[in-house]
Amino acid sequence: MRDLQLPGRSVVHAINGAAATSHPMATVAAIDILKAGGNAVDAAIAACAVQCVVEPMSTGIGGDCFVLLQKAGQGPVIGLNGSGHAPEKLTADHLLDQGQNAIGLTSPHAITVPGAIDAWCKISADHGRLGMDRVLQPAIDYAENGFAITPRVAVDWSRNVDKLAADANSARQYLRDGESPSAGQVWRSPELASTLKAVATRGRDGFYAGTVAEDMVTYLNSVGALHTMDDFAAQSADYVDPISSDYAGRQVLEIPPNGQGITALMMLNILKRFDLTKFGPVSAERLHLEAEATRLAFAQRDAAVADPRFADVPVDHLLSDTLADEMAGKINMDQAMPDDLAATGPIYRDTVYLTVVDRDLNCVSFINSLYFAFGTGLTAPQSGVIFQNRGAGFVVDKNHPNCVAPRKRPLHTIIPGMVLNNGRCEVSFGVMGGGYQPVGHAHLLSNLFDYGMDVQEAIDCPRTFHVGGKLDVERSVPDDVRARLAALGHDTQTPEMPWGGAQAIAIDYQNGTLAAGSDPRKDGCALGY
């Protein structure tokens, strides 16, 4: 129970259904769909589509999507990998011949085929109730008739004006007189509305074939990308078996590689070898352990995680007790590790995560992303599709398992999470924020199960992230804790923006209720009824 004399949010408790997203319009759309007879799958797609319109820097139909779904609160958890692949003609040799030993964040070669729409259509057809035409109507309405800009969206949009201005299509469609919109301003995206209507009418063919696909491919070729219509036609989301590890007597599920969910599981495997309850939740000892576990798990991720269709990813070894013991044994409670384990990837904080649970206890953990803010910053001229830059997740090294290759998926950062207790979904959760996501998963679950927080408290709790050789420490961490972390050898700094944005719904089977929380670091909210 939070201190009611301090600013904060209460947990949302509900009986019939709940939704938590990082944008209020998306949460309302999800609840409206549930009240209209849709299930959690319908509501999740509707909410995400709305976010693709009202939060375009964080997500879009030019991005990718992963889903975890347990139906009726029991039985096997269904995983869906909706990440896109590189074009057939893109090879490491092609890039090396051009003198490129890495794929830049705004390079046309960073654009993988968008996987989100195919994933939405597949899970809608297989597990939804209302159909794509119905669930896309809220997003179409906002794109066509307008919506009011919210404060965090305004800030994030303003930070990317130069990226958008560098592409004529992006400048025309996502700036106004060369400027980003301010909070409270009304915005419309007519090109995006037209494309969403095509998907509503024709399903995946409204995106991966016909005039929309032709618009995308023609533009991509004009800026030097190698995509073809066949590359778009070949995109297909895959059902996958989730991977898991135990924590606090529960089973934590993640999407398998090419996703980085395995990194969160490795972190939890390290942390459970320590008695965290001896330390306070915002203590230097707890945050030191988390930072060291981050560096160790990320080093394994960067060496091994890739598309398993192209590389042998040693999942069993990465999740083994042997490796967890080895990594935990490297942690010194009195001294941070040397800088050879400093790098945890580039800094970015985008993506949208949302979760919905309906009255039948269909539990959906859903994430959608363009990777960096506004992806590559490149936009198709007629369809309003902003292209992701997921291909920057590849390496250009033919000896590395994550080397770029035709129709290959890159190492992927977006990870929905789910916790099972005796086989039933107890918590559907996720934490946005690029590379921070595995840390956010471990931090959130430790808050819940080591420290007994409710879902909102667990989301609100101060965060740190060891990234790029620095330990980012949010301003909410007390000064004495920050000083103790520095004394342990961490090179601390205060991040310009907060890390991550979380949503979670917990199921109370004893009382027959849901408890939902949403991150105050974003504009969103949790609602239930």
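Reckoned from all heavy atoms, side chains included, excluding hydrogens, waters and symmetry mates. Being a predicted model, the structure only gives us computed values, none of them experimental.
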Distance-only polar pair, side chains of [X] and [Y], donor-acceptor under 3.5 Å:
X      : Y      : answer
Gln388 : Asp64  : yes
Gln456 : Arg9   : no
Tyr174 : Asn160 : no
Gln137 : Asp133 : yes

(message) Any carboxylate oxygen within less than 4.0 angstrom of a Lys/Arg side-chain nitrogen, looking at Asp519 and Arg463?
(response) yes
(message) Within this structure, what is the OG-CG distance for the pair Ser365 and Leu80, rounded to the nearest 0.5 Å?
(response) 12.0 Å
(message) The criterion is side-chain contact (heavy atoms from CB on, under 4.5 Å); which residues satisfy it with Thr228, sequence neighbours excluded?
(response) Lys89, Asp230, Asp231
(message) Would Lys408 pass as a cation-pi partner of Phe394, given that its NZ or CZ must be under 6.0 Å from the six-membered ring centre and within 45 degrees of the axis?
(response) no
(request) Determine the sole option in Ile415, Val431, Ile414 for which the side chain to side chain contact (heavy atoms under 4.5 Å, CB included) test with Thr351 is passed. (result) Ile414
Tell me whether [X] contacts the main-chain N or O of [Y] through its side chain, where contact means a donor paired with an acceptor under 3.5 Å.
X      : Y      : result
Ser383 : Ala380 : no
Gln503 : Tyr353 : yes
Asp472 : Val467 : no

(request) Would you indicate whether the side-chain heavy atoms of Thr263 and His441 approach each other to under 4.5 Å? (result) no
(message) In the structure I gave you, are the side-chain heavy atoms of Ser170 and Phe374 within less than 4.5 Å of one another anywhere?
(response) no
(request) Carefully, step by step, assess His466 and Phe298 under the rule ring pair (Phe, Tyr, Trp, His ring centres under 6.0 Å). (result) CA-CA 10 Å; His466 200 294; Phe298 275 65; 9.8 Å; no
(request) Return yes when atom CG of Asp162 has more than 12 non-hydrogen atoms of other residues, nucleotides or ligands closer than 6.0 Å, and no otherwise. (result) no
(message) In terms of relative ring orientation, are Phe232 and Phe207 parallel, tilted or perpendicular, with 30° and 60° separating the classes?
(response) tilted
